[in-house]
Amino acid sequence: MSKPSPKEIASAIRLDKWLWAARFYKTRALAQEMISGGKVQVNGQRCKPGRKIEVGATLTLWQGNDEKELVIVGLSEKRLSAPLAQALYEETEASITRRTERAEQRRLMADADPRASRPDKKQRRALLRFKNQDE
């Protein structure tokens, strides 16, 4: 197998290496694990960590509760500073609106959580004292 030319390196790069360089994951091993686990898709399809990606490819990745849809605008094999790493991709407008809507829904669900309204130990004791006053 021959060594790839610099032009080939600039036109395509391994997915796990790009995710690491773009600072989505702290290590390449973690990026490989997420790709293998199906948390990252390229152009709507599951793939392997060694898949070559190019500028213009669409990535869908899940981080916690958030699903992000990204378009690759630059390639790098080296881990860059955060501002430079953010220049390697653009998040789609639809993805941004979906994430903000889901965040708002999670916030509203947390406010409406019935377990949040249960009294704690101090409040229970106060309720018992209040009920026992009438007796």
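Just so you know, these numbers use all the heavy atoms, side chains as well, and skip hydrogens, waters and symmetry mates.
In terms of the side chain to side chain contact (heavy atoms under 4.5 Å, CB included) criterion, residue partners of N65 (sequence neighbours excluded) are, by chain and number, R106. For K68, the side chain to side chain donor-acceptor pair (under 3.5 Å) partners are Q63, not counting sequence neighbours. With sequence neighbours excluded, the residues forming a side chain to side chain contact (heavy atoms under 4.5 Å, CB included) with L84 are L80, S81, listed by chain and number. R102 pairs by the salt bridge (Lys or Arg N to Asp or Glu O under 4.0 Å) definition with E67, not counting sequence neighbours. For K121, the side chain to side chain contact (heavy atoms under 4.5 Å, CB included) criterion is met by R124, R125, not counting sequence neighbours. Applying the side chain to side chain contact (heavy atoms under 4.5 Å, CB included) criterion to E104, with sequence neighbours excluded, gives R107, L108. Looking at residues two or more places apart in sequence or on another chain, you find no salt bridge (Lys or Arg N to Asp or Glu O under 4.0 Å) involving E90. Taking the salt bridge (Lys or Arg N to Asp or Glu O under 4.0 Å) definition, one finds that R98 meets it with E69, sequence neighbours left out. R99 is linked by a side chain to side chain donor-acceptor pair (under 3.5 Å) to E91, counting only residues two or more places apart in sequence or in another chain.
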Counting only pairs under 3.5 Å, give me each side-chain donor-acceptor contact of residues 37-61, with atom names and distances, residues two or more places apart or in other chains.
unit_1: N43; atom_1: OD1; unit_2: T58; atom_2: N; d: 2.9
unit_1: R46; atom_1: NH2; unit_2: S36; atom_2: O; d: 2.8

Give every donor-acceptor pair under 3.5 Å between a side-chain atom in residues 24-34 and any protein atom, sequence neighbours left out.
unit_1: T27; atom_1: OG1; unit_2: L30; atom_2: N; d: 3.0
unit_1: R28; atom_1: NH2; unit_2: D16; atom_2: OD2; d: 3.3
unit_1: Q32; atom_1: NE2; unit_2: D16; atom_2: OD2; d: 2.7

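Side-chain heavy atoms closer than 4.5 Å link hydrophobic residues (I, L, V, M, F, W, Y) into clusters, and following such links, possibly through other members, connects W18 to I35.
Pairs of residues two or more places apart, or lying in two chains, never qualify as ring pair (Phe, Tyr, Trp, His ring centres under 6.0 Å) while including a residue from residues 31-65.
Residues L88 and S76 are in side-chain contact: their nearest non-hydrogen atoms beyond the backbone lie under 4.5 Å apart. Looking at T92 and L70, their side chains never come closer than 4.5 Å, going by heavy atoms from C-beta outward.
Panel note: side chain R23, backbone R79; no donor-acceptor pair is recorded below 3.5 Å.
Residues T100 and T97 approach most closely at OG1-O, 2.8 Å, considering heavy atoms.
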